[in-house]
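Structure record follows, encoded as structure tokens.
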Protein chains: 4
Amino acid sequence: MGNNLLKGKRGIIFGALNPDSIAWKVAERAYEEGATMTLTNVAVALRMGETQKLAEKLNTEVISADATNVDDLNNLFIKSMELLGGKIDFVLHSIGMSPNVRKERHYSDLNYSYLDKTLDVSAVSFHKVLQTARKLDAINEWGSVIALSYVAAQRTFFGYNDMADAKSLLESIARSFGYIYGRERRVRINTISQSPTLTTAGSGVKGFDRLLDFSERMSPLGNATGDECADYCITLFSDLTKKVTMQNLFHDGGFSNMGMSLSVLQQYEKGLVHDEKYGQDSEAKDHSFD
Amino acid sequence: MGNNLLKGKRGIIFGALNPDSIAWKVAERAYEEGATMTLTNVAVALRMGETQKLAEKLNTEVISADATNVDDLNNLFIKSMELLGGKIDFVLHSIGMSPNVRKERHYSDLNYSYLDKTLDVSAVSFHKVLQTARKLDAINEWGSVIALSYVAAQRTFFGYNDMADAKSLLESIARSFGYIYGRERRVRINTISQSPTLTTAGSGVKGFDRLLDFSERMSPLGNATGDECADYCITLFSDLTKKVTMQNLFHDGGFSNMGMSLSVLQQYEKGLVHDEKYGQDSEAKDHSFD
Amino acid sequence: MGNNLLKGKRGIIFGALNPDSIAWKVAERAYEEGATMTLTNVAVALRMGETQKLAEKLNTEVISADATNVDDLNNLFIKSMELLGGKIDFVLHSIGMSPNVRKERHYSDLNYSYLDKTLDVSAVSFHKVLQTARKLDAINEWGSVIALSYVAAQRTFFGYNDMADAKSLLESIARSFGYIYGRERRVRINTISQSPTLTTAGSGVKGFDRLLDFSERMSPLGNATGDECADYCITLFSDLTKKVTMQNLFHDGGFSNMGMSLSVLQQYEKGLVHDEKYGQDSEAKDHSFD
Amino acid sequence: MGNNLLKGKRGIIFGALNPDSIAWKVAERAYEEGATMTLTNVAVALRMGETQKLAEKLNTEVISADATNVDDLNNLFIKSMELLGGKIDFVLHSIGMSPNVRKERHYSDLNYSYLDKTLDVSAVSFHKVLQTARKLDAINEWGSVIALSYVAAQRTFFGYNDMADAKSLLESIARSFGYIYGRERRVRINTISQSPTLTTAGSGVKGFDRLLDFSERMSPLGNATGDECADYCITLFSDLTKKVTMQNLFHDGGFSNMGMSLSVLQQYEKGLVHDEKYGQDSEAKDHSFD
């Protein structure tokens, strides 16, 4: 039921942990559109997740790789080209992790070796992927590379912690490398700034369910789902978007350009009414925000 | 008790209607800092407001002018230079009005002659001020011109209506004319994007009190007041900011770069708790938003 | 040879003057992708241009309409729905005109009735299109509306004159109406900020050929062509981008996020070498810039 | 000859290497405005530079500190409070260094341990300064912290290499920490995005002289100098800008909002004329760009 938008194209998908993962959905849709691809993730994620199942479904293989390890990436690109029978046309980077978030270190009490890890896994890994690919000349002319980002790269969200800084760094790498790879080999590099999405990764962020609700009511079209993100990726991998590069593209139902929606204001007002009736300190008090 | 930051400088202040007006506060502060200036407003505002009182306090005169009328502006600049004894060093444009807002025309049911008026009064008037000044060569080298704007120029706020479009146009004019006037005569032109402020003008916007509360809780430093805006204007009129031009400068306690604060999230959550207890449709229902 | 991306969709295309027009190329591509559509332009353009030829090619009709005239737009939508047999799924607004540019009025010597015309034709017309469509409920759920813009809306380009301000206004209208139309009827509204493109309209801008060269060398992928823009429009009209709204999307080979490319710097440096050899005032002197 | 804008305020200045340093000029101006402060730099810079001379001039002391070392920073804040007799009111972070730039590693051939160093020195150090200060509660309410940045954080400049990514990270940290420190203790945190400035640090960037020329001609007011940057810092340290926080403030003569100036276009065109006469490959050929 696809439109053959990626017919004959070869790709590499990072981060397809389980069917909730955006990367999982992208892989399925890319397959539907006629692409072949390899799947990759770090060894521990491959053990925990269901990536192997997806590989079987898509008639392909999983290649274990730590995206912060250049040797692993080198092996990944070489093996992928062998398996797929040629250079790569598209890459999805859907990788992010913050030990500071996991261990609940507040942004004003960061552990700096954790921060290094956050930046290395969530952002520098993208540079490593690109540098490795370019050295191997592994991506075809007019190839398309996407990394997933979040609007916290531009605006501060309570609880998003050092992932915000990692996403800013990630988007900058997309621009910087987009210039180099574009002028030399016509490869385009973009980030998609996706609505908060209920994946295994997303669920680690504090107050995530309330953020989802807020974001849903703020966005005129509602939050973008993982399936919709997969559709959007297809257009950006296809030949129909050849001159889009170095961009951060918001895929968020309009959230990024909203300041205040009626729906949020009404909900917010109920909180004010509530205060008038019951006093400022009632009810929400037991929630251990920070 | 000023710091002599504007000693010997001459200015023109548009829009000082009453002591709540930001322009009023700017005029007082500029005077305190050693400046002389003329005050101006459209005739009807001069009758309704208290501008004459301010003029007496600041030992100056009010010159009636419709900022959409080039002849009036011509007269304003010529008379101001006569009265103040030389060319102008700073100008504040604090003008905005939307008949669509006043007459409660919804953004999807605009009256287009009202829209023309909104754009002419709130944005094109700024071009007219600048073009008139330049033709008369009425502004000194390194002079500084400021127009007041709002973040709705970048993001959509429920209820702000066609004023959002007017502010976008205003900020674009600041850039476009900033280039011309800068390269030719070293005049800098900027807009200040100010927190929502409880002035006579601001109070016309729907749900303004709730917007104020939301904005206050979202901004880590709270909303910027009119007095603080006046202080900020002083720095931008002074010689200490000579190379700042063509910018839109957010003066908003951090609001513009926030996505979600803890304080807003807690208040918002009370609304959700409220819904769980009393059902979605209770309480806030009688508020006639749109 | 399309991919059936717009199968069964109905559209309206504004601004297809001749085969150089971006709108012309969009219409052809949309047809190839399975859409039916009507074409429209103002009467004088219909006489000068070749729109009728395109209509024949696409098995459709041309409906004359002045996009600044609400009655004309009303008629356009009603007739289009009749002709196409149902509500509209996509609209392209490719309209821009500045009498100040045409009559070579400098930005610091604008004729204000010309400016009104620039804003009305190039920006407010977009609001009129949207308001008319919404009142008639003429656009299907998840419909997609695009207007063409240019990066001068964000940054000042010598010679682009009051069209820069019109494009800022246009992009603001896309956001403001995008919120309303999105929350109510799931219609998405975006602008595409396209590379300078050699169309009949573009050629009126001063120093356009040099701007094209500069832009080409600055953009890592080179300027985006009209044909490529048509491809991009197809993705945005399709169901694969349902949650993209209120955005200004750069389609420009990377130009918008470049500060300085090697290629521009080398070319620029030749100008410096030239000056050292022949003096600053030689050669380029006879070019009547402003 | 100051205006007493910082009377009684206490500060810490990072990065005053020699009289060309922006930090040096800021320290001098802050002193002139009535502030007392300590100076700091990493040991090797203190040996190479002339910081001690400045300390004598300003009647203060130099405290050696590696800004990537939390213990050093701890010591710096404690000693500074002792020496100055109370909590700190302002901090300038003017620190940046890229081993990849120094060792001429191309952006597509980065050494990743160098990249870690670039990020740690140029960006993460800012977080360490802020986290240390906050844990010690070392900054007064309404204190002001500034870090120096560059427009390469938003747009790609040939040759700026991994410093672009570091500046993006730096600006993100300013936002993220600005939220925390603002809501808790009213401390504001901003970055100034300064024109390219001929300092010891700046001179390491490839093609820097040509970039300076390009930037000068593009900016309607010309490049901002180090002295002008010092003036601007004074306004941001003063009490007149209390509600400005989480912002990246362009201090660049207008460069950031320019797309194309007449002056650049004319210079650029001479390069084109040159090509017509002498062929594309003449003259500039011997310059070893990359």
Side-chain angles (χ1 to χ4, degrees), chain B residues 68-70 100 105-113 115-116 118-120 123-128 130-135 152-185 187 189 245-246 248 290, chain C residues 68-70 100 105-113 115-116 118-120 123-128 130-135 152-185 187 189 245-246 248 290:
Chain B
T68 66
N69 182 310
V70 173
N100 281 306
R105 300 292 298 244
H106 190 269
Y107 188 74
S108 62
D109 184 34
L110 292 187
N111 172 313
Y112 289 112
S113 65
L115 175 59
D116 289 348
T118 301
L119 299 179
D120 198 23
V124 175
S125 66
F126 192 48
H127 191 284
K128 288 175 178 170
L130 292 164
Q131 180 160 306
T132 303
R134 185 181 164 282
K135 286 192 176 178
Q154 282 77 40
R155 307 215 288 265
T156 301
F157 285 74
F158 158 74
Y160 203 70
N161 212 317
D162 61 348
M163 277 304 293
D165 302 331
K167 291 302 193 189
S168 282
L169 183 59
L170 177 76
E171 294 181 10
S172 179
I173 289 169
R175 287 190 295 273
S176 300
F177 221 117
Y179 163 54
I180 304 286
Y181 223 155
R183 72 175 190 187
E184 288 183 359
R185 312 205 190 155
V187 173
I189 304 176
T245 195
M246 300 174 69
N248 180 48
D290 189 352
Chain C
T68 67
N69 182 309
V70 173
N100 281 306
R105 300 291 299 242
H106 190 268
Y107 189 74
S108 62
D109 183 34
L110 292 187
N111 172 312
Y112 288 112
S113 65
L115 175 59
D116 289 349
T118 301
L119 299 179
D120 198 24
V124 174
S125 65
F126 193 48
H127 191 284
K128 289 176 178 170
L130 292 163
Q131 180 160 306
T132 302
R134 185 182 163 282
K135 287 192 177 180
Q154 283 76 41
R155 307 215 289 265
T156 301
F157 285 74
F158 158 74
Y160 204 69
N161 211 318
D162 60 348
M163 278 304 293
D165 303 332
K167 291 301 193 189
S168 282
L169 183 59
L170 176 76
E171 294 180 10
S172 180
I173 289 169
R175 285 189 296 273
S176 301
F177 221 116
Y179 163 54
I180 303 287
Y181 223 154
R183 72 175 189 188
E184 289 183 357
R185 310 204 191 157
V187 172
I189 304 176
T245 195
M246 300 175 68
N248 179 48
D290 188 349

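Below, chains carry the letters A, B, ... as their sequence lines are ordered, and counting in each starts from 1.
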Self-check item: Contact origin within B:Asp109 toward chain C - heavy atom pairs under 4.5 Å
Solution: both

Exercise. Mind running side chain to side chain contact (heavy atoms under 4.5 Å, CB included) on B:Val187 and B:Thr245 for me, showing each step along the way?
Key: CA-CA 8 Å; B:Val187 173; B:Thr245 195; over 6 Å; no

Quiz item: Hey, which of B:His127, B:Met246, B:Arg175 has the most heavy atom pairs under 4.5 Å with chain C?
Solution: B:His127

Quiz item: Among side-chain atoms of B:Arg183 and B:Tyr179, is any donor-acceptor pair under 3.5 angstrom?
Solution: yes

Quiz item: Side chain, backbone, both or neither: which part of B:Tyr107 has an atom under 4.5 Å from a heavy atom of chain C?
Solution: both

Quiz item: Mind checking what makes side-chain hydrogen bond (donor to acceptor under 3.5 Å, both in side chains) contact with B:Thr68, not counting sequence neighbours?
Solution: B:Asp66

Quiz prompt | Part of B:Leu130 within contact of chain C (heavy atom distance under 4.5 Å) | solution = neither

Quiz item: With a 4.5 angstrom heavy-atom cut-off, which part of C:Leu115 approaches chain B: side chain, backbone, both or neither?
Solution: side chain

Quiz item: Who are the side-chain contact (heavy atoms from CB on, under 4.5 Å) partners of B:Ala153, not counting sequence neighbours?
Solution: B:Ser149, B:Lys167, B:Ser168, B:Glu171

Quiz item: Judged by atom type as modelled, is there a donor-acceptor pair below 3.5 Å linking the side chain of C:Asn100 to the main-chain atoms of C:Asn111?
Solution: yes

Quiz item: Counting distance only, does the side-chain N/O of C:Ser108 pair as donor-acceptor with the main-chain N or O of B:Gln131 below 3.5 Å?
Solution: no

Quiz item: Considering only heavy atoms, which portion of C:Arg134 lies under 4.5 Å from any heavy atom of chain B: side chain, backbone, both, or neither?
Solution: side chain

Self-check item: Region of C:Tyr112 that comes under 4.5 Å of a non-hydrogen atom in chain B
Solution: side chain

Self-check item: Considering all heavy atoms, the nearest B:Thr118-B:Asp162 contact
Solution: OG1-OD2, 2.9 Å

Quiz prompt | Segment of C:Ile180 engaging chain B (4.5 angstrom heavy-atom cut-off) | solution = side chain

Quiz item: Contact part of C:Leu170 toward chain B, heavy-atom cut-off under 4.5 Å: side chain, backbone, both or neither?
Solution: neither

